[in-house]
Amino acid sequence: MIITPHLLVGAAIGAKTHNLGLIIILGLLSHLILDKIPHWDYGEKLEKLPHDKFFVKNLMILFLKIALDGCAGLIILSIIIWQKNIFAGKELYILIGILSSLFPDFVLGIVKLLAHTNKFKNFSEKYIGFHDYSLHSPRHIKKPSLLGLGTEILISLVAVTILLL
């Protein structure tokens with residue numbers, strides 16, 4: 001799943017929950033649940049990038065996509081906060097919700113980048129396998145499609161609606 005739906009769902013969890021431990025648990029669970037839904041993602045194989053002769057260029061393009069995706073989610077969230085001004089005093093909760101909902105993908109990115117090193121090879125293979133094949137739906141693994149992008153838009157709209165309630 002791309003960053004924006006995870007970010008918005010995490011923000012909704014943080015805005016509506018006032019227990020930091022529960023926010024972390026729900027943020028992590030939301031990530032696991034959202035990854036089970038067929039979805040679209042960037043498609044790059046980070047673990048193969050270090051062996052690519054255009055490594056730096058491809059890595060920069062990927063980071064640009066991720067940055068734009070994250071900025072889109074933050075802009076949507078900022079507009080909601082600015083328009084409604086209902087989250088005063090909840091900033092920490094929202095931030096923890098966002099970070100915990102994005103944490104598994106953050107770890108996955110680091111692990112995939114380090115997968116080629118001998119030191120992390122065993123852990124990398126296990127974590128990548130767990131994340132890609134245990135958490136993602138079989139349909140996503142086989143063929144992500146426009147349906148996947150549609151589910152991400154729908155999830156984002158639901159999260160925005162919850163934030164506005």
Side-chain angles (χ1 to χ4, degrees), residues 1-17 19-50 58-59 61-77 80 93-117 120-165:
M1 183 136 322
I2 60 175
I3 293 172
T4 295
H6 285 305
L7 185 147
L8 293 173
V9 168
I13 289 168
K16 302 299 180 183
T17 309
N19 177 315
L20 290 177
L22 187 58
I23 292 170
I24 292 168
I25 291 168
L26 292 175
L28 291 170
L29 281 175
S30 75
H31 185 98
L32 304 178
I33 292 167
L34 292 178
D35 272 1
K36 271 297 191 192
I37 298 169
H39 61 278
W40 181 85
D41 61 22
Y42 303 112
E44 285 86 352
K45 297 293 183 191
L46 278 175
E47 65 271 23
K48 294 181 181 172
L49 273 180
N58 291 335
L59 188 62
I61 290 170
L62 177 60
F63 281 157
L64 179 63
K65 289 178 186 178
I66 291 170
L68 290 173
D69 180 9
C71 285
L74 290 174
I75 288 169
I76 293 167
L77 183 60
I80 293 169
Y93 299 124
I94 292 171
L95 179 63
I96 298 297
I98 291 169
L99 293 176
S100 62
S101 68
L102 293 174
F103 185 74
D105 280 346
F106 177 75
V107 172
L108 182 67
I110 291 172
V111 164
K112 283 187 172 188
L113 282 174
L114 298 175
H116 69 285
T117 63
F120 293 100
K121 192 168 185 79
N122 191 26
F123 176 75
S124 295
E125 289 172 356
K126 288 178 182 174
Y127 190 82
I128 291 167
F130 169 74
H131 192 277
D132 287 353
Y133 299 103
S134 298
L135 302 184
H136 288 169
S137 71
R139 180 180 169 118
H140 169 74
I141 296 298
K142 291 177 185 170
K143 186 179 173 189
S145 65
L146 286 177
L147 167 69
L149 187 58
T151 60
E152 296 198 41
I153 292 169
L154 180 63
I155 288 165
S156 296
L157 290 173
V158 168
V160 166
T161 302
I162 291 169
L163 281 165
L164 292 173
L165 294 177

Once you round to the nearest 0.5 Å, how far does [atom1] of [X] lie from [atom2] of [Y]?
X	Y	atom1	atom2	result
L64	L68	CG	CG	4.5 Å
I33	I155	CD1	CD1	10.5 Å
T17	I24	OG1	CD1	11.5 Å
I80	I162	CD1	CD1	11.0 Å
I2	D105	CD1	CG	11.0 Å
N19	I25	CG	CD1	8.0 Å

With a 4.5 Å heavy-atom cut-off, do [X] and [Y] have their side chains touching?
X	Y	answer
I13	I96	no
D35	H6	yes
L77	I98	yes

Flag if over 12 foreign heavy atoms under 6.0 Å of OH, Y127: yes
Taking all heavy atoms of [X] and all of [Y], pick out the closest pair and write down the distance.
X	Y	result
L34	V9	CD1-CG2, 3.9 Å
L163	K16	O-NZ, 4.2 Å
S100	G27	OG-CA, 3.4 Å
D69	I3	OD2-N, 2.6 Å
Y93	I23	CD2-CD1, 3.5 Å
G10	S101	CA-OG, 3.6 Å

